[in-house]
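Dumping the structure here so I can ask a few things about it.
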Amino acid sequence: MKRMIYLGLLFAVLLCMAACGKEQETTDQEGSAAKRTEEESVKKDSLPGENTDILVAYFSCTGTTKKLAGYAAEYLNADLHEIRPEDPYTEEDLDYNTSDSRANEEQNDPSARPAVAGNVEDMGKYRTVVLAYPIWWGEAPKIISTFLESYDFSGKTIVPFCTSHSSGIGSSDKNLHALVDDSAKWKDGKRFAAGASESEITGWLDDMGIQPFAEKAGQEVSERAFDFNTKTVTLNSGYPMPINGLGTYSLTGDTCVKSVSEALKRGVRLIDTAYMYGNEAEVGKAVRESGIPREKIFVITKLYPSQFDEPEKAIDEALKKLDIGYIDMMLLHHPGTGDVEAYKAMEQAVEDGKIRSIGLSNWYVEELEEFLPQVNITPALVQNEIHPYYQENNVIPYIHNLGIVVQGWYPLGGRGHTAELLGDKTISEIAKAHGKSSAQVILRWNLQKGVVVIPGSSNPDHIQENTELYDFELTDEEMAQINALDRNEKHDWY
């Protein structure tokens, strides 16, 4: 009889240890895991300057989930981050056969949010997050809820998977969706057994369309992120472009020349113009008279649909008006009849050395899906209306994942709307907390979302103010507060 009782107790203990979906490990290993240092953002060995837009975040009790998360991070060229509890779990905490064990109490309490030690250094730079966790009674451990509620996941792709000996992923991943912004895109989750192989993990990621970072755009990894030290981003064409500049819409004549000149004096090196603005000649004059080496200034102009029937002529006219030797970037102003043919003319101009990079303006997901298969050179830039009241949180990550840089026009709201946006209570309070203006907060919000900004102004003080964006950083909470202002409110017809 005693032998039977002993065997029954032994079986219960084994069930308890399997509940976390992991292989059995020794108590010494558990103790060692509990003594890890506070530093937990772990990056793979890499070349200096290497960056990535993929994060693999995992919670692991004894190592099984950690091992599989490591496979994913290695394959995806991703950063690896452990979600570690501030108060480490013990064997007693994980005893599922004891109703008052810590794990049972947490899983039965919808409001439970175990504290997490440490944080992700820069969640804003990641566009894809692979989330790995063990299954606890058919659900994700509550510490996963803590993690998801601690960061802004707007526009990100989240790829969940769990580890378990027997339980499937069930509804555990679906139940997490409500914890993040609606603009986050969730992939279908999958359950893996404790002994899953590396090929099983990588095969699943391939099936989900999650590709290694360096292969997404066929470029070097370091070319994908904004460099806040040099204040530039490297385009898929290979050329660096400043991430803040001056928009010249509505600037004409001497006012345009003076505004561009003032911007250049204040360190601005990105100038945006267009055929329809009627000021290409004025922009060119300011650039020529600045005394700044031509290669240090990046000029964008655009072809309007009325020019699409004779694009070669339009390109030569832009070169003549600007008179600055070459055009750094030419965009199609918005979709129109003959846009594919006009784009192909720009492709030829790139080959001829007249234009260095080409792109599109006012193209959204449906337009891009139809347009891109018809051209040879992937656009280096897509320029769309983006501001806190019209955020494009579904469009921006789509464009980024194509290896294309996003630039926003009307970053401060545009005609008739600037005063309301700058006076927004949420934005004003954040600005006060940082000792900055509302305009600076909005522009910094764009930059942290991976959006190049080109605010327009003829006021030298405002031009200067719009350059002072690199001595402060918005927190994840502040980013989330601004993200919550989205009204899907477009301020122009494009």
Side-chain angles (χ1 to χ4, degrees), residues 231 241-274 276-292 296-302 322 324 361 383-390 407-448 451-472 474 482 485 491-492 494:
K231 304 172 187 176
M241 182 183 75
I243 58 177
N244 70 281
L246 177 74
T248 64
Y249 174 71
S250 79
L251 300 178
T252 59
D254 288 342
T255 299
C256 180
V257 176
K258 291 177 181 177
S259 298
V260 175
S261 297
E262 289 293 337
L264 293 172
K265 288 177 184 177
R266 286 163 169 74
V268 174
R269 294 295 180 266
L270 171 63
I271 308 297
D272 178 77
T273 181
M276 275 301 292
Y277 300 171
N279 59 15
E280 288 173 310
E282 288 78 3
V283 167
K285 179 180 180 182
V287 170
R288 292 193 306 275
E289 294 179 353
S290 68
I292 299 169
K296 299 294 184 180
I297 302 174
F298 196 105
V299 176
I300 300 174
T301 191
K302 310 174 193 73
L322 286 165
I324 52 177
S361 183
Q383 184 191 98
N384 287 340
E385 178 181 348
I386 299 172
H387 48 75
Y389 292 164
Y390 188 73
Q407 188 176 77
W409 53 267
Y410 275 1
L412 303 180
R415 297 172 295 176
H417 301 278
T418 301
E420 179 188 8
L421 186 55
L422 296 184
D424 187 279
K425 182 180 178 181
T426 297
I427 294 171
S428 297
E429 289 178 351
I430 293 173
K432 183 178 180 181
H434 288 277
K436 289 289 184 177
S437 69
S438 291
Q440 289 169 323
V441 166
I442 293 168
L443 296 176
R444 179 72 195 196
W445 169 79
N446 273 279
L447 292 178
Q448 288 183 213
V451 177
V452 177
V453 291
I454 46 170
S457 180
S458 60
N459 184 317
D461 292 336
H462 291 166
I463 292 172
Q464 177 64 38
E465 177 184 318
N466 293 342
T467 68
E468 297 172 352
L469 310 175
Y470 301 96
D471 57 350
F472 74 108
L474 301 178
I482 299 176
L485 300 177
H491 291 166
D492 216 324
Y494 291 133

Heavy-atom pair with the smallest gap, counting every atom of Ala439 and Glu465
CB-OE2, 3.6 Å
Ala286 to Leu264 - nearest heavy-atom pair and separation
O-CD1, 3.9 Å
Show me the pairs that pass ring-ring contact (aromatic ring centres under 6.0 Å, His included) and involve residues 245-267, at least two apart or across chains.
Tyr249-Tyr277
Partner of Leu270 under side-chain contact (heavy atoms from CB on, under 4.5 Å), picked from Asn244, Ile300, Ile297, is Ile300
Distance-minimising heavy-atom pair for Val451 and Gly408:
CG1-N, 3.5 Å
Mind running side chain to side chain contact (heavy atoms under 4.5 Å, CB included) on Lys436 and Arg444 for me, showing each step along the way?
CA-CA 10 Å; Lys436 289 289 184 177; Arg444 179 72 195 196; over 6 Å; no
How many angstroms lie between OG in Ser457 and CD in Gln464, if you round to the nearest 0.5 Å?
11.5 Å
Can any side-chain N or O of Arg269 pair as donor or acceptor with the backbone N or O of Pro242 at less than 3.5 Å?
no
Kindly compute the distance separating CZ (Arg266) from CG (Asn466), expressed to the nearest 0.5 Å.
11.5 Å
With sequence neighbours left out, the residues meeting side-chain contact (heavy atoms from CB on, under 4.5 Å) with Thr426 are Asp424, Ile430, Gln481, Leu485
Within this structure, what is the CG-CD1 distance for the pair Leu447 and Ile243, rounded to the nearest 0.5 Å?
5.0 Å
Holding to side-chain contact (heavy atoms from CB on, under 4.5 Å), I want the full list of residues that pass it with Arg288, two or more places apart in sequence or in another chain.
Lys285, Asp323, Ile324
Return the minimal non-hydrogen interatomic distance between Ala431 and Val441, and the atom names on each side.
CA-CG2, 3.5 Å
Shortest non-hydrogen separation from Ile442 to Pro411 and the atoms involved:
CG2-O, 3.1 Å
Return yes if some donor-acceptor pair links the side-chain N/O of Glu262 with the main-chain N/O of Asn459 below 3.5 Å, else return no.
no
Determine the interplanar angle of the His387 and Tyr390 rings, folded into 0 to 90°, and report it as parallel if under 30°, tilted if 30 to 60°, perpendicular if over 60°.
tilted
For the residue pair Lys302 and Asp272, establish whether any side-chain heavy-atom pair is separated by less than 4.5 Å.
yes
To the nearest 0.5 Å, what is the distance between CG (Leu251) and OG (Ser259)?
4.5 Å
For Val283 and Cys256, which heavy atoms make the closest approach, and how far apart are they?
CG2-SG, 4.0 Å
Val260: which of Asn279, Ile271, Ile463 passes side-chain contact (heavy atoms from CB on, under 4.5 Å)
Ile271
A side-chain contact here means heavy atoms from C-beta on lying under 4.5 Å apart; do Glu420 and Tyr389 qualify?
yes
Return yes when atom CG of Asp254 has more than 12 non-hydrogen atoms of other residues, nucleotides or ligands closer than 6.0 Å, and no otherwise.
no
Could you tell me whether the side chain of Ser437 and the main chain of Gln440 form a donor-acceptor pair under 3.5 Å?
yes
Can any side-chain N or O of Ser261 pair as donor or acceptor with the backbone N or O of Val257 at less than 3.5 Å?
yes
Check: Thr301 main-chain N/O paired with Thr273 side-chain donor or acceptor under 3.5 Å
no
Would you confirm whether Gln448, through its side chain, and Leu474, through its main-chain N or O, come within 3.5 Å as a donor-acceptor pair?
yes
How long is the straight-line distance from CD of Glu280 back to CG of Leu322, given to the nearest 0.5 Å?
5.0 Å
Quick one: pull up NE2 in His417 and CG in Leu422 and give me the separation to the nearest 0.5 Å.
13.0 Å
